[in-house]
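I have placed the structure first, in the form of structure tokens, so that the comments after it can refer back to it.
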Amino acid sequence: MINYIDELNESQRAAVLYNDGPSLVIAGAGSGKTRVLTYKIAYLLESGYEPWSILALTFTNKAAKEMKERIARQVGEQSARYLWMGTFHSVFSRILRTEAASIGFTANFTIYDTSDSKSLIRSIVKEMQLDDKTYKAGAIQSRISNAKNHLISPGAYAMNREMAEHDNACKMGAIGDIYRRYWDRCRQAGAMDFDDLLFYTFILFSEHPDILRKYQEQFKYILVDEYQDTNFAQHNIVLQLSKLRQKVCVVGDDAQSIYSFRGANIDNILKFTKLYQNTQVFKLEQNYRSTQTIVCAANSLIEKNREQIPKEVFSEKSQGDLIGVIQAYSDVEEGDIVSNRIMELRMSQHYGYNDFAILYRTNAQSRIFEEALRKRNLPYKIYGGLSFYQRKEIKDVIAYFRLSVNPNDEEAFKRIINYPARGIGDTTVGKIIEAATSHSVSLWEVLGDPLEFGLNINKGTHTKLQSFRELMETFISMLTEGNAYEVSTAIVKQAGIVNDIYQDRQPENMSRQENIEELMNGIHDFCAMREEEGNENISLSDFLSEVSLLSDQDTDKSTDGEKITLMTIHSAKGLEFRNVFIVGLEENLFPSSMSGDSPRAMEEERRLFYVALTRAEDHCFLSYAKIRLHYGKTEFANPSRFLRDIDTAYLQIPNDSVSSRQSDEPAGRFRREKRERPARSLFNSERETTKQNIINRTVPSNLTKMENIQPKPSSGIAITNLQAGEQIEHERFGIGEVLRVEGSGENLKATVKFRNAGEKQLLLKFARFKVIS
DNA sequence: ATATCAACCCTTTTT
DNA sequence: GGGTTGATAT
């Protein structure tokens, strides 16, 4: 039984215990939001809610996973695993796969990622013979995304005056047509993009009241995390699902809404109480993370925003040091000063490297800090940049998997029809696309009978196409005969990818090999993990549907050692560090130059700064440079207006600072030249190794050579007489104690309480561990 | 069909 | 500055 009195403060407890109707929890930064959510779910379970009747939606897989683990620790693995807890996208894709037939899809639909969508848009623009200078894929994509997030279908788009006006103003009057074609092509390919996962869920529920009813009845309680980041579509689906019972609890902080550029609408949280009558509002205002100085400074900053829910965040921790303001001559010097300050602070106050974070507005700023840290041999890790699944070699392999599972997948088709090179060029692909579009079939269907669709190709090409088709057909027939690991290994070998990648032994291609190996190891772990849990869904299709919604942050373990963290402020949301350096506080950088003209955008930048400040527990530093290299040009910069938004009582301002800013620009420039040149050439000569380092840092290092990849044998030894009370050491979960052993024969399973990983159910047939005496 | 070079374009990015 | 893309040459 959980002690809700001792472990929660008064407002947290009130929020946890109130479950009679809709509630809104305004959770200030560091106020124990996740704690409230997990305790609330635990409390619901204790009060008799079945786990599968609780729907909890988050924005990241990581958040969902963490919460699930914390709940499992409180109420046991058995209840926790049946909770409907996950990201909007993963939960809805699960529903959509079940109900696919009702909206004209099949259960194995592909999920297009951003680059798939862009590529499809590019080819549509080309086919429509529009000028791709005016019709830029990125811009069109964001228009389409925006439409979908507002639940506007191609049909509705065509009739929408506002949209048409906007498009005409941008000289892109054909976007409506492009949207229509894009929509049809996705359907033809059996594919949904990220936005479709939301839009089709909404459509499913609006067009099929019986299905909506089914889910309304199943989900007796709905919780939503980070509600300030929901968009119109997400908001409306929550509305649909909760309409019947009004048992809904949304948690968030309007002051931390920083994703409007992705369609998030802060009004959803601001107007929540208007939509749901009788909403109980709870405010969590005690900050347990930061010193009083940091909390007060952050309050004084956010006060400058107009639109917000009034709240008074306070801290009862010590007052702490003032926030240090650092002024540098150049961006390079900024890197030097910050690194030196980290060294000093670490020595004088015995911090570890992972007690430090450097947060910046744009990824481009990371390079200079990398350089400075590397020069001093300080360990660091960078988040962001190219994710594992976006690397070319990984996308190629995944495309084979995708096409096998869903042969209609157009983007996968185009990606691999000539990889490895088999003499099928752009002209041929163009003809296939044309035939497919004019007959309203998929590219794959054209391949089945090229002559039928009037494909004008010569004998040689015909043969090449047929052998590709036969290759794919062997893969398709393998799908049912093995698990994801077995099938994928076979595909990688038989498609000639192994040959292609392992041919050249040039050092820069070694990382490609390692990445493929890493992917294969990942698939192996995916199967092993599910088998151990007794989950039988380990086909390639199961792997794909999970992996397409996965991002890098989900896979990497943040526990990899003592390192300084470098990341954008956006990706730092939800995290905390003892010491935080917020860098590049200059006009046109932070706030970004793009937000100058709109007060709304400026408020969002200010919230972003608020998020950055409130990441710090002990110390916070703000730095800016007078000169910075911008797109290759040296530019002068003025200190950010945000420095003036913070009450000076909380700042430690250096002698010649904000007030006297036009002091010695020529000197600054001179300095830059002098230090810059050698540093840069040094960097250039080491560029390759830098890349290597980044890869090594982002990719876990348990690589095995390709030849050695094969299922690791399960222990198989002495597991039949495993007894409760014994200590075991598991390959992934570490050391734990056996609580129970149940079942017999094949289905023998043990419940083990691990020191670090919580309680797990292991199917002994598959589990890899050894008994420690 | 590949290689090489010039032209382009730059925010943030949970899915 | 730098990474990617597209046109051109071979």
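Quick note on labels: first sequence line is chain A, next is B, and so on, each numbered from 1. The structure presented is a predicted model; accordingly, all values stated were derived computationally and were not measured.
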Report task. Ignoring the backbone of L549(A), work out which of dT15(B), dT13(B), dG6(C) is nearest its side chain. Result -> dT15(B)
Query raised in the report: R367(A) side chain N/O closer than 4.0 Å to the phosphate oxygens (OP1, OP2) of dG2(C)?
Result: yes
Report summary line: Considering only heavy side-chain atoms of S592(A), the closest of dT12(B), dT11(B), dT15(B) is dT11(B)
Report task. Answer yes or no: side-chain N or O of R262(A) and base N or O of dT12(B) forming a donor-acceptor pair under 3.5 Å. Result -> no
Query raised in the report: Under the criteria of a ring-centre distance below 5.5 Å and an interplanar angle below 30°, is F261(A) stacked with the base of dT12(B)?
Result: yes
**Report entry** Atom pair distance, as rounded to whole Å: CZ in R628(A) and P in dT11(B)
**Finding:** 15 Å
Query raised in the report: Across the strands shown, which category fits K573(A) at heavy-atom distances under 4.0 angstrom: base, sugar-phosphate, nothing?
Result: nothing
Query raised in the report: Is a salt bridge present between D645(A) and K304(A), judged by a nitrogen-to-oxygen distance below 4.0 Å?
Result: no
Query raised in the report: Backbone N or O of E587(A) within a donor-acceptor pair of the N638(A) side chain at under 3.5 Å?
Result: no
Report task. Could you check how far OH of Y419(A) sits from P of dT2(B), rounded to whole Å? Result -> 12 Å
Report task. Report yes or no: is the cationic atom of K573(A) (NZ for Lys, CZ for Arg) closer than 6.0 Å to the six-membered ring centre of Y259(A), at no more than 45° off its axis? Result -> no
Report task. Would you mind reading off the distance between K118(A) atom NZ and dT13(B) atom P, rounded to a whole angstrom? Result -> 13 Å
Report summary line: dT12(B) glycosidic conformation (syn if within 90° of 0, otherwise anti) is anti
Report summary line: Separation of dT13(B) atom P from E605(A) atom CD, nearest Å, is 12 Å
Report summary line: Separation of dG3(C) atom C1' from Y631(A) atom OH, nearest Å, is 13 Å
Report task. From the options dC9(B), dT12(B), dT15(B), select the nucleotide whose nearest atom is closest to the side chain of T114(A). Result -> dT15(B)
Query raised in the report: Between S548(A) and dT15(B), is there a side-chain N or O to OP1/OP2 distance below 4.0 Å?
Result: no
Requested in this report: Would you confirm whether D229(A), through its side chain, and A264(A), through its main-chain N or O, come within 3.5 Å as a donor-acceptor pair?
Outcome: no
Report task. Decide yes or no on side-chain contact (heavy atoms from CB on, under 4.5 Å) for V36(A) and K33(A), but give the supporting numbers first. Result -> CA-CA 5 Å; V36(A) 165; K33(A) 178 192 64 157; 5.9 Å; no
Report summary line: From OH of Y259(A) across to C1' of dT14(B) the rounded distance in Å is 5 Å
Report summary line: Here the distance between atom C1' of dT13(B) and atom CG of D229(A), to the nearest Å, is 11 Å
Requested in this report: Could you tell me the separation between the CG atom of L96(A) and the P atom of dT15(B), rounded to a whole number of Å?
Outcome: 18 Å
Query raised in the report: For dT15(B), does OP1 or OP2 lie under 4.0 Å from any side-chain N or O of N61(A)?
Result: yes
Query raised in the report: If you look at every strand shown and take non-hydrogen atoms under 4.0 Å, does T362(A) touch a base, only sugar-phosphate, or nothing?
Result: sugar-phosphate
Report summary line: Assert: residue with more 5' nearest nucleotide on DNA chain B, out of I258(A) and G423(A), is G423(A)
Query raised in the report: When you measure from the side chain of N363(A), which nucleotide among dT11(B), dT15(B), dT13(B) comes out closest?
Result: dT13(B)
Query - Backbone N/O of F232(A) and side chain of N265(A): donor-acceptor pair under 3.5 Å - result: no
Query raised in the report: Taking OP1 and OP2 of dT15(B), is either one under 4.0 Å from a side-chain nitrogen or oxygen of N231(A)?
Result: no
